**Student:** 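What follows is a structure written as C-alpha cells; I'll ask about it next.
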Number of protein chains: 2
Amino acid sequence: MVPPVSPGPPSRGKHASIVDVAALAGVSISTVSRVLGERARVHSATRQRVLEAIQALKYVALPHASVLASGRTRTVGIITPSMTGWYFGNVIGGAWEVLHSSGYDLQLHNLARPEARDRFFDRMSIVRRVDAVISVGLPDDQELVTALRTLGLPLVVLGARAPGLTSVAIDDVKAARSAVRYLIHQGHRRIAMLSDRDDGTGWTTATRARRQGYREALAELADGRDPDHDVVESEPGYDAGVRAATALMTRPDRPSAIFAEYDELALGALRALHLLDVAVPGQVSVIGLDDHTMAGAVDLTTVARPVHEEGALAGRLVLDLLADRSREPVDVTVPTRLIIRGSTNSHQQDAEPSGTQSLITFDR
Amino acid sequence: MVPPVSPGPPSRGKHASIVDVAALAGVSISTVSRVLGERARVHSATRQRVLEAIQALKYVALPHASVLASGRTRTVGIITPSMTGWYFGNVIGGAWEVLHSSGYDLQLHNLARPEARDRFFDRMSIVRRVDAVISVGLPDDQELVTALRTLGLPLVVLGARAPGLTSVAIDDVKAARSAVRYLIHQGHRRIAMLSDRDDGTGWTTATRARRQGYREALAELADGRDPDHDVVESEPGYDAGVRAATALMTRPDRPSAIFAEYDELALGALRALHLLDVAVPGQVSVIGLDDHTMAGAVDLTTVARPVHEEGALAGRLVLDLLADRSREPVDVTVPTRLIIRGSTNSHQQDAEPSGTQSLITFDR
DNA sequence: CTGAAAGCGCTAACAC
DNA sequence: GTGTTAGCGCTTTCAG
C-alpha cells in the first residue's frame with residue numbers, strides 16, 4: 001500500500017529524513033534509498049518525483065546512518081608520519097582532489113608520535129571507518145607492514161615500495177645520487193648530507209634510500225673517505241634545518257657543498273649560511289630535493305618531483321582498486337629532474353661543465 | 001538475568017562489538033556503554049572487568065554507530081575559503097592540536113569554489129555531522145552569516161568579527177596601517193599594495209580591512225593622491241604574487257615600496273623583483289604580513305601574527321562553548337608586531353629613523 | 001548501580 | 001519496479 005502523501009513537517013526533529021522524502025514523494029523509503037544509491041533501477045517517473053521531494057526538503061542523507069547500514073564509508077584513510085611538512089601537505093592535496101571529485105572523503109591519521117603509531121597499529125582503529133588506505137611512506141617494521149596488508153582494505157603506498165602492494169614513488173636512490181653527482185661534476189669533493197634523524201618513529205624508508213644514493217655517488221670518487229662522516233642528522237623541518245646546518249658549518253672541516261635530503265632542510269641550510277655570512281654558492285653550494293614552492297624564490301638548485309601529481313596518482317590507483325579489488329598491484333615510478341638554479345656552482349674554475357645525459361633543466 | 005560469560009569468537013563479522021565485550025565481561029551492553037561514555041557512574045569492580053574485556057578484545061567503538069544513536073559527533077567542522085594557503089594550514093594545525101587532544105576530529109569544508117560555497121549554504125550539509133563550527137573568515141553576504149548563526153551550533157569565527165559571535169582575530173586595519181606607516185617613516189612616498197582580488201567567492205573581510213589600513217596610513221601623507229590607484233590585485237598565492245608584482249613593476253610609474261597583504265604575496269613580489277633585477281631594498285622595499293615560515297629565509301620585513309596560536313585559541317573557545325553553550329560570546333584580539341628584516345630600508349638618506357613607539361622588533 | 005528495550009536513519013535482502 | 005522488514009552498533013530512557 002502506498003503511504004499517504006502528507007507534505008507536513010518532518011516526522012521528528014527539525015531535519016528531513018528519508019521518511020519525509022518518501023512521504024512527500026508518495027513512495028517507500030527503499031525507493032528513495034534506491035534513487036540515492038544510483039545503483040538499482042527505478043522507474044524514471046518515480047525517480048523524478050523522489051528527486052523533486054529531495055529538492056523540496058533539501059534532504060541530504062546522513063552518512064553515519066548509511067555507513068552503519070551498508071558498511072561502506074566513502075572515506076579513504078591516509079596515514080602519514082607527519083602532517084606539517086610541505087611534501088605531506090601537497091601529496092594529500094593531490095589525493096584529495098581526485099578522491100573528493102569521486103565523492104570520497106579523506107581521513108587523516110597522523111602517526112608522527114610513537115604513541116600515536118602504536119595505538120594505531122594496536123587497535124587498527126581504521127577498519128570499518130574507511131574503504132581504502134593510502135600510506136605515505138611505510139613503517140620500517142615489517143610486522144606493521146604486514147598488519148597494514150592484513151587489514152583487507154585496498155592499499156596504495158606513496159613514496160615507498162613493498163612487494164605485492166600498489167605504490168607510487170620516485171627513485172630515491174637515483175634522485176639523491178644525481179644530486180650528489182652533479183655537485184661532484186661541479187668539482188666538489190667535500191660534500192655533506194643533511195638528513196632526517198631516525199627519531200625512533202621507524203619510518204625511514206626514503207631517508208635510507210637517499211643516504212644510499214649519496215654514498216653511491218661519493219663512492220665513485222674513490223677517495224677512501226668515509227661518506228657517513230659527513231652525514232648530518234637533523235630533526236625534520238625548516239627550523240631544525242637551520243640549526244643542523246649551523247652546527248655543520250661550525251665544525252672545523254667545512255664542506256664545500258651540502259646535499260639536503262629534501263628542500264625544507266635545504267632552505268634551512270641557506271638561511272643558516274646567510275646568518276653565518278657564508279656566500280652561496282661562492283663558498284658553499286647547496287642542493288635540495290622536491291622543488292618546494294619557495295625553491296625558486298631563494299634560487300635553490302634541486303631535484304624536482306611532481307608532488308601534487310604523486311598524490312593524485314595515488315588517489316586514482318585507490319579508485320581503481322575500489323572498483324576492482326582483484327586488480328594486480330602496480331609500482332608506478334614518477335620521474336625526477338634536476339633543476340639548476342643559483343645555489344650551486346663550479347667549485348674549481350677548471351672543472352668541466354657536467355655533460356651527464358640525465359641532467360635536464362627546467363624552470364617555470 | 002546476567003548473560004552467560006562466553007569468551008568465544010565475536011558474535012558476527014570479524015570485529016569485536018559492544019556485544020562481545022559485554023559477554024566477556026559478563027554484563028549488559030548498557031553497562032559497557034556506560035563505562036565507554038565516562039559520564040554515568042558504574043561500580044568500580046564492574047568497570048574494571050569491562051575495561052579488561054575491552055583490552056582483551058582490542059575493542060574500539062564504531063563512531064558511526066554512536067553518532068547515530070546519540071546525535072553527538074565528536075567532530076568540529078572548519079569552513080575555509082582555501083585549503084592550500086600557509087595561513088590556513090597553520091590555523092587548522094593549531095586548532096587540530098587542541099581539539100584532537102580533547103577527542104575531537106576535524107572535518108574540513110573547503111568553500112574555495114563558488115559552487116562549493118553555494119552547495120554548502122544551500123543544503124547546510126554540516127548539521128548533525130559536527131558538534132560545532134569554526135569559520136575561518138566570514139562570507140561577505142550577511143544572509144550567509146545569518147545562516148551560519150541559525151545552524152544552532154557553537155560557532156567560533158577566526159580572522160573576522162560579527163556581533164554576537166565569538167571570534168579570534170588580529171586588528172587587520174591596524175596591522176596594515178602600521179606596515180604602511182613604517183614604510184612612510186622610512187621615507188617612501190609611492191607605496192603600492194599587493195592584495196587579493198575579490199574573485200567572486202565573497203569572502204573578503206580581511207582584504208577589505210587591510211586595504212582600509214593602507215588607505216588610512218596613506219591619507220596621513222595628505223599628498224592628494226588616490227591611494228586606490230596603487231592597489232594591485234592578485235590571485236591568491238605565491239605564484240600569482242610573482243605575476244602581479246611583475247605586472248606592477250612593468251608599469252611606467254614604479255613605486256619605491258610594496259606592501260603585500262600577506263607574506264605569500266610578498267614572497268612572490270621578492271621573487272619577481274629578483275627576476276627583474278630590481279634591488280631589494282635598494283630600489284624597492286617590500287613588507288608583508290604573517291611572518292611566514294620562509295620570511296626569515298628571504299629576509300622579509302613583515303607584521304607578525306601568531307597564526308598557530310590563533311588556531312589553537314579558536315579550538316579552545318569551541319571547547320568552552322561545547323561545555324557551556326550559554327557562554328557569552330567574546331572577541332579575542334591577538335597582537336601583531338612589526339619584524340624589521342632586510343627587505344625594507346630608508347628610501348631617502350636623510351629620512352629620520354622611525355621612532356614610533358609601537359615598533360617592536362624580534363627575530364628567532 | 002544495572003538490565004531491557006526502543007530506537008537513531010539508512011541499506012539490503014526478500015517478497016510481491 | 002516497488003514495498004516490507006530485518007538489522008548495522010551504539011545510546012538512552014525507563015524499570016528495578
Side-chain angles (χ1 to χ4, degrees), chain A residues 1-5 10-50 53-54 57 59-74 125 127-129 131, chain B residues 1-5 10-50 53-54 57 59-74 125 127-129 131:
Chain A
M1 191 202 289
V2 177
V5 180
S11 48
R12 64 183 64 232
K14 44 187 255 205
H15 306 290
S17 86
I18 197 171
V19 184
D20 306 307
V21 177
L24 217 197
V27 298
S28 77
I29 60 168
S30 5
T31 298
V32 178
S33 178
R34 286 191 184 99
V35 351
L36 251 35
E38 293 176 352
R39 26 183 85 251
R41 278 170 310 292
V42 177
H43 193 290
S44 72
T46 318
R47 147 169 292 119
Q48 200 48 45
R49 264 185 305 146
V50 171
I54 287 177
L57 265 29
Y59 167 76
V60 187
L62 231 201
H64 301 287
S66 335
V67 170
L68 196 54
S70 72
R72 269 173 283 97
T73 64
R74 303 234 51 137
S125 51
V127 208
R128 292 190 305 174
R129 286 159 184 76
D131 294 340
Chain B
M1 190 203 289
V2 177
V5 180
S11 49
R12 65 183 64 233
K14 41 185 258 199
H15 306 291
S17 88
I18 197 172
V19 184
D20 306 306
V21 176
L24 216 197
V27 297
S28 76
I29 61 167
S30 359
T31 299
V32 177
S33 178
R34 287 189 184 101
V35 351
L36 251 35
E38 295 177 351
R39 26 182 85 250
R41 278 171 310 292
V42 176
H43 192 289
S44 72
T46 317
R47 149 170 290 122
Q48 199 48 47
R49 263 185 306 147
V50 171
I54 287 176
L57 266 28
Y59 168 76
V60 186
L62 231 201
H64 300 287
S66 332
V67 170
L68 194 54
S70 73
R72 271 174 280 98
T73 64
R74 301 235 50 136
S125 50
V127 208
R128 291 192 308 171
R129 286 158 185 76
D131 295 339

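Computed from a predicted model, the values in this text were never measured in an experiment. Labels below follow one simple rule: chain letters A, B, ... track the order of the sequence lines, proteins then strands, and each chain is numbered from 1.
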**Student:** Who passes side-chain contact (heavy atoms from CB on, under 4.5 Å) against A/Ala65, sequence neighbours left out?
**Tutor:**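 Listed in chain order: A/Leu62, B/Leu68.
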**Student:** Considering only heavy atoms and no angle criterion, is a donor-acceptor pair shorter than 3.5 Å present between the side chain of A/Ser70 and the base of C/dA12?
**Tutor:**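 No.
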**Student:** Give every donor-acceptor pair under 3.5 Å between a side-chain atom in residues 34-43 of chain A and any protein atom, sequence neighbours left out.
**Tutor:**
unit_1  : atom_1 : unit_2  : atom_2 : d
A/His43 : ND1    : A/Ala45 : N      : 3.1

**Student:** Out of D/dT2, D/dT11, C/dG9, which has the shortest distance to the side chain of B/Ala69?
**Tutor:** D/dT11
**Student:** Rounded to whole angstroms, how far apart are CD on B/Gln48 and C1' on C/dC1?
**Tutor:** 17 Å
**Student:** Using the side-chain contact (heavy atoms from CB on, under 4.5 Å) criterion, which residues pair with B/Ile29? Sequence neighbours excluded.
**Tutor:** B/Ile18, B/Val19, B/Ala22
**Student:** Is any side-chain heavy atom of A/Thr31 closer than 4.5 Å to a side-chain heavy atom of A/Arg49?
**Tutor:**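 The answer is no; the side chains never approach within 4.5 Å.
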**Student:** Of all of residues 60-67 of chain A, which get a heavy atom below 4.0 angstrom from DNA chain C, listed by number?
**Tutor:** A/Ala61, A/Leu62, A/Ala65, A/Ser66
**Student:** Checking B/Thr73 now: which residues fulfil side-chain hydrogen bond (donor to acceptor under 3.5 Å, both in side chains) with it, not counting sequence neighbours?
**Tutor:**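 Expected list: B/Asp131.
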**Student:** For B/Leu68 and D/dG9, give me the distance from atom CG to atom P, rounded to whole Å.
**Tutor:**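 Whole-Å distance recorded here is 12 Å.
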**Student:** Restricting to side-chain hydrogen bond (donor to acceptor under 3.5 Å, both in side chains), what partner residues turn up for B/Ser70, sequence neighbours left out?
**Tutor:** none
**Student:** Tell me the closest heavy-atom pair linking A/His64 and B/Arg129, and the distance in Å.
**Tutor:** NE2-CA, 4.4 Å
**Student:** Output all residues satisfying side-chain contact (heavy atoms from CB on, under 4.5 Å) with A/Val21, sequence neighbours left out; order by chain, then residue number.
**Tutor:**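 Testing A/Val21 for side-chain contact (heavy atoms from CB on, under 4.5 Å), a comparison that skips the adjacent residues, returns A/Val32, A/Val50, A/Ala53, A/Ile54, A/Leu57, A/Tyr59.
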**Student:** Closer than 4.0 Å, any side-chain N/O of B/Thr31 to the OP1 or OP2 of C/dG3?
**Tutor:** yes
**Student:** What integer distance in Å separates B/Arg49:CZ from C/dC1:P?
**Tutor:** 14 Å
**Student:** Taking side-chain hydrogen bond (donor to acceptor under 3.5 Å, both in side chains) as the definition, give me every residue that meets it alongside A/Ser33, ordered by chain and number, with sequence neighbours left out.
**Tutor:**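 Residues passing side-chain hydrogen bond (donor to acceptor under 3.5 Å, both in side chains) with A/Ser33: none at all.
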**Student:** How bent is the helix from C/dC1-D/dG16 to C/dC16-D/dG1, comparing axes over its five end pairs at each side, to the nearest 10°?
**Tutor:**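 Inter-axis angle at the termini of the helix from C/dC1-D/dG16 to C/dC16-D/dG1: 30°.
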**Student:** Rounded to the Å, how far apart are A/Ile29 CD1 and C/dA13 P?
**Tutor:** 15 Å
**Student:** Rounded to the Å, how far apart are B/His43 NE2 and C/dT2 C1'?
**Tutor:** 11 Å
**Student:** Using OP1 and OP2 only, check whether a side-chain N or O of A/Arg47 sits under 4.0 Å from D/dT2.
**Tutor:** no
**Student:** Assign each of A/Ser30 and B/Val42 to its nearest nucleotide of DNA chain C by heavy atoms, then name whichever residue's nucleotide is nearer the 5' end.
**Tutor:**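 Nearest-nucleotide comparison on DNA chain C picks B/Val42.
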**Student:** Could you tell me whether the phosphate oxygens of D/dG9, OP1 or OP2, come under 4.0 Å of any side-chain nitrogen or oxygen in A/Arg129?
**Tutor:** no
**Student:** Considering non-hydrogen atoms only, spot the tightest contact between A/Pro63 and A/Ala61 and give its length.
**Tutor:** CD-O, 3.2 Å
**Student:** For residues 32-39 of chain B, which residues have at least one heavy atom under 4.0 Å from DNA chain D?
**Tutor:**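 Nucleic-acid contacts, sorted: B/Ser33, B/Arg34.
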